[in-house]
Undergrad: 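Have a look at this one.
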Amino acid sequence: LASIEVDVSSIEEGQSIKVMWRGKPVFIRYRTEKEVGEAKEVPIADLPDPMARNLNLGPDADASDVNRGVEGNEALIVMVGVCTHLGCIPLGEAGDFGGWFCPCHGSHYDTAGRIRKGPAPENLMIPPFEFISDDVIRIG
Ligand code: FES
């Protein structure tokens, strides 16, 4: 399917779900206030990949938390769950930064899906998506 629609209203704070889009997993996580606060505080200079990798923004957007989250709903994060190293599927709520951990070669992503440690060269990709109602996003 070129695009999918996902009701995100039932995701509780601190929970995430996985859906499939174009044969790839997409992680949708409703982050806690604490997680968002911590993610916002990370200086861009500390990030191995300073770019947002968000297909909804221009290619020059930086990897600040606001550019990784959902406009108007900063706690929500939507990302393609494919490690940017060699394509394994990272595990959620794992790793040194409380986000995702790729067990294949040890890449640690934070709660905004940004690579923080390990061999992955880029942040997890944010696919094109939009809210089509209060509760539903369309990915793709
Ligand atoms: Fe994820 Fe290598 S594929 S760390």
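Remember, predicted model here, so these are calculated numbers, not experimental data. Computed from heavy atoms alone, side chains included, the values below leave out hydrogens, waters and symmetry copies.
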Undergrad: Going only through I, L, V, M, F, W and Y residues with side-chain contacts under 4.5 Å, is there a path from Phe27 to Leu55?
TA: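 Hydrophobic grouping puts Phe27 with Leu55.
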Undergrad: Do the side chains of Val82 and Ile28 join up, straight or via other hydrophobic residues, at under 4.5 Å, putting them in one cluster?
TA: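 Cluster IDs for Val82 and Ile28 match.
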Undergrad: In Å and rounded to the nearest 0.5 Å, what is the CG to CG distance from Asn54 to Asp62?
TA: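 Between atom CG of Asn54 and atom CG of Asp62 there are 11.0 Å.
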Undergrad: Assigning hydrophobic clusters by single linkage (Ile, Leu, Val, Met, Phe, Trp, Tyr; side-chain heavy-atom cutoff under 4.5 Å), is Leu76 placed with Val26?
TA: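 Yes; Val26 is reachable from Leu76 via cluster members.
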Undergrad: For the residue pair Leu124 and Pro90, what are the closest heavy atoms and their distance?
TA: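 In this case the closest contact between Leu124 and Pro90 is CD2-CG, 4.5 Å.
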Undergrad: Any donor-acceptor pair under 3.5 Å linking the side chain of Asp49 with the backbone of Asn123?
TA: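 Yes; judged by distance alone, with no hydrogens or angles, the pair exists.
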Undergrad: Return the CD to OH distance between Glu122 and Tyr109, rounded to the nearest 0.5 Å.
TA: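 Glu122 CD to Tyr109 OH: 9.0 Å, rounded to 0.5 Å.
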Undergrad: Using a 6.0 Å cut-off, check whether atom CD of Glu71 has over 12 heavy atoms from anything other than its own residue.
TA: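 12 or below, so no.
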Undergrad: Find the distance between CG (Leu47) and CZ (Arg116) and round it off to the nearest 0.5 Å.
TA: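 Going from the CG atom of Leu47 to the CZ atom of Arg116 covers 6.0 Å.
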Undergrad: Using side-chain heavy atoms (C-beta onward) and a distance below 4.5 Å, is Ser64 in contact with Ile44?
TA: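 Yes, at least one pair of side-chain atoms sits under 4.5 Å.
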Undergrad: Is Val80 reachable from Val6 through a run of hydrophobic residues whose side-chain heavy atoms are each under 4.5 Å from the next?
TA: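 Same cluster.
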Undergrad: Quick check against the 3.5 Å criterion: does Trp100 have a side-chain atom that pairs as donor or acceptor with the backbone of Arg114?
TA: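 Judged by distance alone, no pair lies under 3.5 Å.
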Undergrad: What distance do Gln15 atom CD and Arg29 atom CZ have between them, rounded to the nearest 0.5 Å?
TA: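 Rounded to the nearest 0.5 Å, the CD-CZ separation comes out at 10.5 Å.
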Undergrad: So which atom in Ile89 and which in Pro25 form the shortest heavy-atom distance, rounded to 0.1 Å?
TA: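 Looking at all heavy atoms of both residues, the shortest contact is CD1-CG, 3.8 Å.
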Undergrad: Indicate, with yes or no, whether the SG-to-SG separation of Cys83 and Cys88 is under 2.5 Å.
TA: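 Looking at Cys88 and Cys83, their sulfur gamma atoms do not lie closer than 2.5 Å, so the answer is no.
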Undergrad: Shortest non-hydrogen contact from Ala61 to Asn67?
TA: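 So the minimum-distance heavy-atom pair works out to CB-ND2, 3.9 Å.
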Undergrad: In terms of heavy-atom contacts, does CD of Glu33 have more than 12 from other residues, nucleotides or ligands at under 6.0 Å?
TA: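 Count not over threshold, so no.
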Undergrad: So among Lys40, Arg31, Arg68, which one has a side chain to side chain donor-acceptor pair (under 3.5 Å) with Glu74?
TA: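 So, applying the side chain to side chain donor-acceptor pair (under 3.5 Å) to Glu74 and each of Lys40, Arg31, Arg68, only Lys40 qualifies.
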Undergrad: Assess the residue pair Ile139 and Val19 against the criterion (side chain to side chain contact (heavy atoms under 4.5 Å, CB included)); give the C-alpha distance rounded to whole Å, side-chain angles, the decisive distance to 0.1 Å, and a yes or no.
TA: CA-CA 10 Å; Ile139 303 171; Val19 297; 4.2 Å; yes
Undergrad: If you apply the rule side chain to side chain contact (heavy atoms under 4.5 Å, CB included), what do you find for Lys117 with Phe97, and how did you get there?
TA: CA-CA 9 Å; Lys117 192 169 115 185; Phe97 299 87; 4.0 Å; yes
Undergrad: Please report the closest heavy-atom contact between Trp21 and Pro127, naming both atoms and the distance.
TA: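 Heavy atoms only, the tightest pair is CZ3-CB, 3.7 Å.
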Undergrad: Could you report the tightest heavy-atom contact between Ala39 and Thr111, atom names first, then the distance?
TA: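 Residues Ala39 and Thr111, closest heavy atoms: CB-OG1, 3.8 Å.
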Undergrad: Indicate the atoms forming the closest heavy-atom contact of Thr84 with Ala120, along with that distance.
TA: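 Where Thr84 meets Ala120 most closely, the heavy atoms are OG1-CB, 3.4 Å.
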Undergrad: Is it true that Ile77 and Leu57 fall in one hydrophobic cluster, defined by side-chain heavy atoms closer than 4.5 Å?
TA: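 In one cluster with Ile77: Leu57, no.
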Undergrad: Give, for atom OH of Tyr30 and atom CD of Glu35, the distance between the pair rounded to the nearest 0.5 Å.
TA: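 One gets 11.5 Å once the value is rounded to the nearest 0.5 Å.
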Undergrad: Output the distance between atom CG (Asp7) and atom CD1 (Ile17), rounded to the nearest 0.5 Å.
TA: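 Those atoms lie 8.5 Å apart.
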